[in-house]
Amino acid sequence: MKKLKLSLLLAISLVLSSFSGMASAESIKEPEDNFPKLMQQADQLKDNGATDIQIDKFLKSQGVEVLSSSTMTLDENGNELGASSEGVSIMNIDASVRKITTRVTKDSGRYYAWVQIDRVPTLPANATFEDYPASYDVVSINWNPTFFDYVANGVTNNNMWLADADYRDKGTILFNIYDNLDRGSTVSAYAKLSAKKAGSTTTAAKYTHTYDKTQKSTTYSGNASWTWGSPLSVGVAYAVATSEVEANWSKSATASVKVSL
């Protein structure tokens with residue numbers, strides 16, 4: 001009888017211990033991520049004419065901390081709108097086609113470095129497409145791996161997709177983008193990050209536009225090829241390859257952020 005009681009107690013102990021292990025595992029699982037849905041809503045707001053300030057207010061109303069936000073508008077040579085744009089090339093996209101907004105936000109204890117790309121909706125209809133596209137454009141999101149660990153990435157629609165995450169542990173992931181977006185359309189990508197050190201740092205986004213310099217190709221030639229360079233204080237350097245028929249330019253933007261644990 002005593003042996004039976006002992007066996008029963010041991011069995012109960014094992015069951016309780018297994019439930020305890022399950023609770024421990026559940027407690028360290030990544031919480032459900034609602035952020036991708038919020039980004040899609042932010043894209044829709046942009047498509048409907050919302051300003052960046054209005055989008056920031058929307059995110060804050062949803063409990064998202066907007067730690068940094070800035071926008072640049074680029075002409076066909078990669079110059080920011082308002083700057084000198086001499087030497088305009090008719091083989092590039094039309095002037096002021098791209099608006100690139102970089103943000104750093106915090107939601108449910110995670111940081112999100114993200115980039116939102118849209119076309120200026122006031123452009124004439126004939127500026128919607130570039131006549132001589134080349135490879136798909138490349139966009140990077142970069143962060144300081146001393147301050148952040150990589151957790152995940154995402155995009156808001158199929159006009160943008162992950163291209164290379166080999167250096168995610170060193171602070172950079174690359175995306176390709178189908179850059180002939182319809183007028184007024186918007187696409188976003190993000191890197192979800194976990195804070196590992198408190199302090200002030202920066203994140204960055206780099207946009208590389210490719211174009212056909214021969215005025216011959218009327219279709220995309222697929223993904224661009226790139227080479228990885230040296231580690232930087234924010235991510236890892238990369239360069240998109242050029243060829244006899246293709247050229248590119250790049251523009252980078254940084255966002256300052258104060259990290260807390």
Side-chain angles (χ1 to χ4, degrees), residues 26-73 98-121 139-144 147-162 165 168 171-173 175 177-178 181-207 234-235 253-261:
E26 286 294 322
S27 68
I28 61 174
K29 278 179 62 178
E30 188 71 19
E32 184 178 356
D33 195 352
N34 190 46
F35 191 74
K37 293 179 182 178
L38 293 179
M39 287 188 68
Q40 289 178 333
Q41 288 176 284
D43 282 1
Q44 187 62 54
L45 286 171
K46 176 73 79 170
D47 288 345
N48 291 336
T51 65
D52 292 321
I53 292 175
Q54 289 171 327
I55 291 174
D56 289 349
K57 286 182 178 179
F58 161 74
L59 292 170
K60 291 175 183 177
S61 74
Q62 301 301 307
V64 177
E65 295 181 63
V66 180
L67 305 176
S68 181
S69 177
S70 63
T71 297
M72 57 184 178
T73 304
R98 294 288 173 266
K99 284 183 70 176
I100 301 173
T101 302
T102 56
R103 287 186 180 87
V104 182
T105 58
K106 187 178 181 182
D107 184 38
S108 302
R110 295 303 193 202
Y111 288 81
Y112 294 80
W114 55 301
V115 57
Q116 186 179 56
I117 300 172
D118 66 291
R119 297 189 69 260
V120 180
V139 179
S140 73
I141 297 177
N142 314 277
W143 61 92
N144 187 332
F147 285 85
F148 294 112
D149 279 329
Y150 169 83
V151 177
N153 72 82
V155 296
T156 53
N157 64 59
N158 59 13
N159 282 327
M160 203 169 188
W161 57 94
L162 181 69
R168 60 191 180 278
T172 297
I173 54 177
F175 297 88
I177 178 174
Y178 172 75
L181 302 173
D182 290 335
R183 184 173 52 158
S185 61
T186 305
V187 62
S188 295
Y190 68 88
K192 182 180 181 181
L193 308 171
S194 173
K196 59 192 288 190
K197 177 183 176 181
S200 297
T201 183
T202 58
T203 66
K206 179 180 174 183
Y207 177 86
V234 180
T254 59
S256 299
V257 58
K258 188 172 182 179
V259 182
S260 59
L261 298 176

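Everything numeric here is computed off the predicted structure, so don't read it as measured data.
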### Query
Passes side chain to side chain contact (heavy atoms under 4.5 Å, CB included), Val155 versus Leu162? Steps please.
CA-CA 8 Å; Val155 296; Leu162 181 69; over 6 Å; no

#### Entry: Stepwise side chain to side chain contact (heavy atoms under 4.5 Å, CB included) check, Gln54 with Leu45
CA-CA 9 Å; Gln54 289 171 327; Leu45 286 171; over 6 Å; no

### Query
Given Val187 and Tyr178, is the side chain to side chain contact (heavy atoms under 4.5 Å, CB included) satisfied, shown in steps?
CA-CA 10 Å; Val187 62; Tyr178 172 75; over 6 Å; no

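Shown here is Lys196, whose NZ atom has more than 12 heavy atoms of other residues, nucleotides or ligands within 6.0 Å. Within 6.0 Å of CG in Leu261 there are more than 12 heavy atoms belonging to other residues, nucleotides or ligands.
In plain terms, the two heavy atoms of Val104 and Val257 that are nearest each other are CG1-CG2, 3.8 Å. In this structure, Trp114 and Ser188 approach most closely via the heavy-atom pair CZ3-OG, 3.9 Å.
Ser194 and Arg110 form a side-chain donor-acceptor contact under 3.5 Å, judged by distance and modelled atom types alone. Side-chain atoms of Thr172 and Lys206 form no donor-acceptor pair, as typed in the model, at a separation below 3.5 Å.
At a threshold of 4.5 Å between non-hydrogen side-chain atoms, the residues Val234 and Thr254 do not count as touching. Looking at heavy atoms from C-beta onward, Tyr190 lies out of side-chain contact with Thr105 at the 4.5 angstrom threshold. By the 4.5 Å heavy-atom criterion applied to side chains, Pro36 and Tyr112 are not counted as neighbours. Ile173 has its side chain within reach of Tyr150: a pair of non-hydrogen atoms, C-beta onward, lies under 4.5 Å apart. In this structure, the side chains of Val64 and Phe58 stay at 4.5 Å or more apart for every pair of heavy atoms.
With Thr186 as reference, Asp47 is the one residue of Thr156, Asp47, Asn48, Asp43 to meet the side chain to side chain donor-acceptor pair (under 3.5 Å) rule. Here the rule is side chain to side chain donor-acceptor pair (under 3.5 Å) with Ser70, and of Thr102, Asp52, Thr101 only Thr102 fits it.
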